[in-house]
Amino acid sequence: MESKNPPNIITLVKTKFALYLPLIKSLQTGLLLLTGVTGYMSARCPVLPWSTFIGLICSLFLAISGSTVLNMVFDRDIDARMSRTADRPLPAGRISVKEALFLGLILSFGGLVWSFLLSFLYGIVVFAGLFIDVVIYTLWLKRKTAWSIVWGGVSGGMPILAGRALGLGELDIIGCLLSLSILLWIPTHILTFSMHYYNDYERAGIPTFPSTYGNKNTRLIIALSSLGVAFSIALGLFFLGLSWGYLRLLAVLTVGMLGLVLVSIFRPSVSINFGLFKYASLYMLSSMSMVLLGVL
């Protein structure tokens, strides 16, 4: 009887990559990485030296991916009870907890070490983002209070603050305003999903704003957060000194945001709420693009 040949290294790598990719939430990681690059470019353009720029991308990717994997490990029981997440690799049993935990720790450690090698201040900000996300948000508050999303937002705002801190060598008001815009954008995402998947979150026993304060108040918070996003980005880009052409375009987009906010408050509906969420995401992406183009 012939023995089976062991899988070659290429097949093994492809198999592992297919398992690990969902663990890092590639779209979310990519968006946060983009904000970090935007923060750096807003302070240092043209990008010099290239070694620092590449180090920024690699260190942020490792740190963000690592924290996301660790979140997956600690939330695996929650994911198993929610229909939209039950098929993720951990709750579905396609990867072991030990392997995922090891992966998350290695990625996080590698990202932090690389960050501190680039700059102590940069390393501190990256560490703060990872610590807040994994320890404060996921392990401590997520299962206890709906307000945990504030800390999730703070963590999400760290990459752009870290990127600007690396470029400048210090923290400044522009970096804080850009970070604040990310913090305020995140509720428009999480709260919209918490209303849409209300039964999932109830089944998992996770406190949310809809279950704690009702849909009406949740929509109001989403509307106010969206206005906060527009205000903080507009102020940040104004202080950054972008040309009036970009600022006028931002003003037009802001008027659209204001219109959707008013409609969502006075004529609320599921479609309007999702429209505001999608528009706020487009607004954020457009603003980041303006920063990148405006400083070139």
Within the supplied structure, the quantity of interest is the number of heavy atoms (other residues, nucleotides, ligands) at a distance under 6.0 Å from [X] [atom1]; does it exceed 12?
X	atom1	answer
I173	CD1	yes
Y137	OH	yes
F274	CZ	yes

Does some side-chain heavy atom of [Y] sit less than 4.5 Å from a side-chain heavy atom of [X]?
X	Y	value
L141	W147	no
C58	W114	yes
L105	S108	no
Y20	L23	yes
L237	V291	yes
M284	I233	yes
R94	D87	yes
L184	L224	no

Side-chain ([X]) to main-chain ([Y]) donor-acceptor, under 3.5 angstrom:
X	Y	value
S115	G123	no
R219	T192	no
D200	S83	yes
S181	L178	yes
S179	C176	no

With distance as the sole criterion, is a donor-acceptor pair present between the side chains of S286 and S289 under 3.5 Å?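 The answer is no; no qualifying pair exists.
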Donor-acceptor pair between Y122 and S59 side chains, under 3.5 angstrom: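 Their side chains do contain a donor-acceptor pair, which is all the 3.5 Å distance test asks for.
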Centroid-centroid distance, F193 to F277, less than 6.0 Å: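 Close enough - the centres of the two rings lie under 6.0 Å apart.
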Does the gap between the ring centers of F116 and F120 come in under 6.0 Å?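 Yes, close enough.
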Find the distance between [atom1] ([X]) and [atom2] ([Y]) and round it off to the nearest 0.5 Å.
X	Y	atom1	atom2	answer
Y40	L168	OH	CG	10.5 Å
L292	L34	CG	CG	6.0 Å
M72	I78	CE	CD1	12.0 Å
T208	Y198	OG1	OH	6.5 Å
L31	L27	CG	CG	4.5 Å
L220	N215	CG	CG	12.5 Å

Return the minimal non-hydrogen interatomic distance between [X] and [Y], and the atom names on each side.
X	Y	answer
G66	L107	CA-CB, 3.6 Å
L56	V37	CD2-CA, 4.1 Å
T29	S65	CG2-OG, 3.7 Å
I174	G236	CG2-O, 4.0 Å
G36	L60	CA-CD1, 3.7 Å
L276	S264	CD2-OG, 3.8 Å

I182 and V229: side-chain contact (heavy atoms from CB on, under 4.5 Å), yes or no, with the steps? CA-CA 7 Å; I182 305 294; V229 169; over 6 Å; no
Check [Y] with [X], please: is the shortest side-chain N to carboxylate O separation under 4.0 Å?
X	Y	result
D133	K142	no
R81	E202	no
D75	R88	no

W50 vs F53 aromatic rings, parallel, tilted or perpendicular, using cut-offs 30° and 60°?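 Answer is perpendicular, since the angle exceeds 60°.
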Please set out all donor-acceptor pairs under 3.5 angstrom arising from side-chain atoms of residues 148-167, sequence neighbours excluded.
unit_1, atom_1, unit_2, atom_2, d
S148, OG, T145, O, 3.1
S155, OG, G129, O, 2.9
R164, NE, D172, OD1, 3.0
R164, NE, D172, OD2, 3.0
R164, NH1, S42, O, 3.2
R164, NH1, S42, OG, 2.8
R164, NH2, D172, OD2, 2.9

Evaluate K14 against I9 for side-chain contact (heavy atoms from CB on, under 4.5 Å), listing each step before the verdict. CA-CA 9 Å; K14 286 182 178 179; I9 187 66; over 6 Å; no
Where do I272 and R267 land on the side-chain contact (heavy atoms from CB on, under 4.5 Å) test, with the steps shown first? CA-CA 8 Å; I272 290 297; R267 293 189 178 275; over 6 Å; no
For V113 and L62, run side-chain contact (heavy atoms from CB on, under 4.5 Å): C-alpha distance rounded to whole Å, both residues' side-chain angles, the deciding distance at 0.1 Å, then the answer. CA-CA 10 Å; V113 170; L62 292 174; over 6 Å; no
Side-chain donor-acceptor contacts of residues 239-259 below 3.5 Å, not counting sequence neighbours, with atom names and distances?
unit_1, atom_1, unit_2, atom_2, d
T254, OG1, L250, O, 2.7
T254, OG1, Y283, OH, 2.7

